[in-house]
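Keep in mind that this is a model prediction, so the values were computed, not measured. First the proteins, then the strands, lettered A, B, ... as listed; each starts at 1. Keep in mind that the numbers below use all heavy atoms, side chains included, and drop hydrogens, waters and symmetry copies.
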Amino acid sequence: MAENKALTTRAADFSAWYNEVIARAELADYSPVRGCMVIRPNGYAIWEQMQRALDQMFKDTGHQNAYFPIFIPQSFLSREAEHVEGFAPEVAVVTHGGGKELDEPLIIRPTSETIIYAMYAKWIQSYRDLPILINQWANVVRWEMRTRLFLRTTEFLWQEGHTAHATEAEAEEETIRMLGVYRTFMEQWMAMPVITGRKTDSERFAGALRTYSCEALMQDNKALQASTSHNLGQNFARAFEVTFQTANGDLDHVWSTSWGASTRMVGALIMTHSDDLGLVCPPRLAQYQVVIVPIYKTAEERTAVMEASDRVRKELAAAGMRVHLDARDDMKPGAKYYEWEGRGVPLRLELGPRDVSSGSVVLARRTGGKKETILMEGVASAITVAMNKLQADLFQAALARREAATLRGATKEQFIAKMENEGGLVYGGFCGSAACEAEIKEQTKATIRVLPDEEFRSSVAPTKCMWCGRPSVAEAVWAKAY
RNA sequence: CGGGGCGUAGCGCAGCCCGGUUAGCGCGCCUGCUUCGGGAGCAGGAGGUCCCCGGUUCAAAUCCGGGCGCCCCGACCA
């Protein structure tokens, strides 16, 4: 009985814990199709909050949404050499339709660059048509060998931005801008600290000039790439003949970018904040930010308590909060507490006869801090304060955890020991050699997550490669990754 | 694709080694009463192609052969 109720702890088995948190919170379930998941209402609600925030940020930076087909002619994929090499192995192919074999097989998009550039070629003639700033919310399919709920599923949901510009500088500026948008979202909404920077060539997106990413460290000290932003240069423009006439009459290929973030972020959210009681969701992304649990025995008490609860609910809703009054009559308050904790609700208000008579209500935080009694008068502003504090505390806790798991200026021996034992992030010099990078991966399973942007770099720049001792060309951040 | 584990009620499992009445247990579910400030109690009840196919046997959840599926670890990857 007890063993059914407690989750496997993070310390005992992180993977099992992760799966159990998802089951407990009813975020997702395995589907009849191997590798595919069903995103349940509680999980989809978090995704919707993510979408809402990101979508607004995309629009605020001048982008529009559009939609392109899920099917792409197979031949499109092979037009960009690196792209086909990168994606061909994991593409699902449709060979039949309407009861007949198709003349040309269609692939189910693993990403939409190819079909989008085929359209951009039609839409762009002049520099006056640029920039084109389009985003799409879509599902994509990548036939992965091994899947995990949210982190890697055969089909997943994401957004992919695709922009075309007249100059290289503009494209680079866009690439960096969107990386910044992701960073802001992850820090301010997800309460998840990230390191931004550039990917090495071996980790670069297939077909891109440069790939940038936001990297986060999970509670098991493994890194997770949480979003990417690519400067595609003119590679796809050349492959799809996306040309435009410049102001002085020349013909040029457009400079393009793409950037994406997926339902993987839900997995990142879980592994960043949740604890052995279940999901912990930061207030800004929570389906319900506040749940009110009424407490009563008699019918008279019930009437009074429900009346007061509903008044509080209305007041919080009027203040713009996502609030839920748990009016279920067949469940005791304690059972409700456990249920909402498992689902990650940030704040809970307990309201019983004692509170009705004293004009107060008991506030419980999902993490950090004991229960406290607050006045019903001005409850909305007190809750706002508590919510903002919880949001900030979650970020600080995650940041502190990451810093504690970070080692700068490590020697090769320290690096090897850290990767073998506790894991985490290691900053060190990198010689720039792909062979050296491959050898490190081979021997330690660690990869360069990112060549960090300036603000993340160590105060003293490394002079030698952490691994081979040759001169360092850039500081790198290594970790074992998802 | 390599290694490991598992398929028995909605979920989690026992039973299998050593074949033998109506296949059990916990949780959940339904009904009723009592409960209700941290996972309620009692009583009654519903719910099963024992993953599939074949074989052995008087008799198979159990033994044998084949297949399928899922989870975990690795290689691949957002």
Side-chain angles (χ1 to χ4, degrees), chain A residues 1-6 8 13-20 23-24 26 29-37 86-91 110-111 139-160 182 199 202-203 205-206 211 213-216 223-230 258-268 277-278 293-299 301-302 305 328-342 348-358 360-362 364 370-371 373 441-442 445 447 449 480-482:
Chain A
M1 178 170 170
E3 31 312 333
N4 288 341
K5 293 189 169 182
T8 299
D13 184 342
F14 196 81
S15 279
W17 166 82
Y18 175 79
N19 288 332
E20 288 173 24
R24 170 74 57 96
E26 298 181 346
D29 203 351
Y30 299 100
S31 82
V33 181
R34 173 175 44 107
C36 292
M37 70 171 169
F87 282 104
E90 55 187 45
V91 157
T111 180
N139 57 340
V140 289
V141 167
R142 298 181 187 179
W143 215 264
E144 302 288 356
M145 293 186 168
R146 202 181 135 218
T147 57
R148 298 194 64 186
L149 294 174
F150 289 111
L151 299 176
R152 187 173 301 102
T153 46
T154 301
E155 179 192 15
F156 59 94
L157 306 183
W158 77 346
Q159 58 70 215
E160 45 181 327
Y182 288 135
K199 288 289 192 181
S202 66
E203 301 270 332
F205 175 74
T211 289
S213 78
C214 291
E215 297 284 329
L224 183 79
Q225 177 175 304
S227 68
T228 52
S229 185
H230 315 289
S258 68
W259 26 276
S262 72
T263 37
R264 167 179 263 200
M265 289 190 295
V266 178
L277 297 175
V293 178
I295 302 160
Y296 48 81
K297 293 191 180 79
T298 64
E301 284 177 351
R302 182 178 192 281
V305 164
R328 287 175 293 181
D329 215 2
D330 51 358
M331 213 170 159
K332 290 173 70 175
K336 292 181 180 178
Y337 300 165
Y338 279 94
E339 182 176 300
W340 291 114
E341 277 165 0
R348 180 179 72 238
L349 290 176
E350 306 170 7
L351 208 162
R354 292 205 298 267
D355 302 294
V356 172
S357 54
S358 64
S360 61
V361 60
V362 173
K370 293 190 162 57
K371 290 186 191 182
T373 303
K441 183 176 182 180
E442 165 83 26
K445 310 283 186 215
T447 51
R449 300 320 305 152
K480 289 194 210 173
Y482 276 96

Please state how far atom CD in A:E144 lies from atom C1' in B:rA75, giving the value in whole angstrom units. 12 Å
Paired with B:rG12 by Watson-Crick or G-U wobble geometry, both distances under 3.5 Å: which nucleotide is it? B:rC25
Rounding to an integer number of Å, can you tell me how far A:Y338 OH sits from B:rA40 P? 9 Å
Side chain of A:E350 only, heavy atoms from C-beta on: which candidate in B:rC72, B:rG37, B:rG39 is closest? B:rG37
Closest to the side chain of A:R354, out of B:rG38, B:rG37, B:rC71, is B:rG37
Nearest to the side chain of A:Y30, heavy atoms from C-beta on, is which of B:rC71, B:rG38, B:rG39? B:rC71
Between atom OH in A:Y482 and atom C1' in B:rA75, what is the gap in whole Å? 17 Å
For A:W340 and B:rG39, what is the distance between atoms CH2 and P respectively, to the nearest whole Å? 18 Å
Describe the nucleic acid contact of A:R348 in one word from base, sugar-phosphate, nothing, applying a heavy-atom distance below 4.0 Å. base
Given the C1' atoms of B:rC1 and B:rG55, what is the spacing between them in whole Å? 31 Å
Using the C1' atom as the point on both nucleotides, what is the distance between B:rC29 and B:rA46, in whole Å? 8 Å
A:T153: partners by side chain to side chain donor-acceptor pair (under 3.5 Å), with sequence neighbours left out: none
Report the distance from atom CD of A:E203 to atom P of B:rC76, rounded to the nearest whole Å. 10 Å
With respect to the side chain of A:R148, which nucleotide from B:rA40, B:rA75, B:rC72 is positioned closest? B:rC72
Polar side-chain atom of A:K297 near backbone of A:R302 as donor-acceptor pair, under 3.5 Å: no
If I pick the P atom on B:rA61 and the same atom on B:rC50, what distance separates them, to the nearest angstrom? 7 Å
Which nucleotide wins on minimum distance to the side chain of A:S15, given the candidates B:rA40, B:rC72, B:rG38? B:rC72
Between B:rC68 and B:rG54, how far is it from one C1' atom to the other, in whole Å? 14 Å
Distance check, C1' atoms only: B:rG20 and B:rG38, in whole angstrom units. 49 Å
Just so I know, are the side chains of A:W158 and A:T111 near enough to count as touching, which here means a heavy-atom distance under 4.5 Å? yes
Please measure how far the P atom in B:rC72 lies from the corresponding atom in B:rU56, and state the result in whole Å. 39 Å
Give me the distance, rounded to whole Å, that separates B:rC53 from B:rA60 when you measure between the C1' atoms they each carry. 15 Å
Salt bridge A:R24-A:E341, side-chain N to carboxylate O under 4.0 Å: no
Report yes if a donor N or O on one partner sits less than 3.5 Å from an acceptor N or O on the other, where the partners are the side chain of A:E341 and the base of B:rG38; otherwise report no. yes
Classify the side chain of A:K332 and the base of B:rG37 as holding, or not holding, a donor-acceptor pair under 3.5 Å. no
Using side chain to side chain contact (heavy atoms under 4.5 Å, CB included) as the criterion, list what pairs up with A:E350, not counting sequence neighbours. A:I295, A:Y337, A:R348, A:V362, A:A364, A:K371
So A:P353, base contact, sugar-phosphate only, or nothing? Heavy-atom distance under 4.0 Å. base
For B:rA23 and B:rU57, measure between their P atoms and round to the nearest Å. 25 Å
Nearest whole Å is fine: how far is B:rG37 P from A:K336 NZ? 11 Å
If you only use heavy atoms from C-beta on, which nucleotide in B:rC36, B:rG38, B:rG39 is closest to the side chain of A:K297? B:rC36
Paired nucleotide for B:rA46 [Watson-Crick or G-U wobble; both distances under 3.5 Å]: none
Distance check needed: B:rC72 P versus A:E20 CD, whole Å only. 12 Å
Just checking A:F87 against A:F205, ring centres under 6.0 Å apart? yes
Do the non-hydrogen side-chain atoms of A:L149 and A:N19 ever get within less than 4.5 Å of each other? yes
Nucleotide nearest A:I295 when distance is taken to its side chain, options B:rC71, B:rG39, B:rG37: B:rG37
Whom does B:rG2 pair with, Watson-Crick or G-U wobble, provided both distances fall under 3.5 Å? B:rC73
From CG of A:D29 across to P of B:rG12 the rounded distance in Å is 10 Å
From C-beta outward on A:K445, which listed nucleotide comes closest to its side chain: B:rC71, B:rG38, B:rA75? B:rA75
NA contact type, A:V362, heavy-atom cut-off 4.0 Å: base, sugar-phosphate, or nothing? base
In the structure shown, which nucleotide is the Watson-Crick or G-U wobble counterpart of B:rA40, with both distances under 3.5 Å? B:rU34
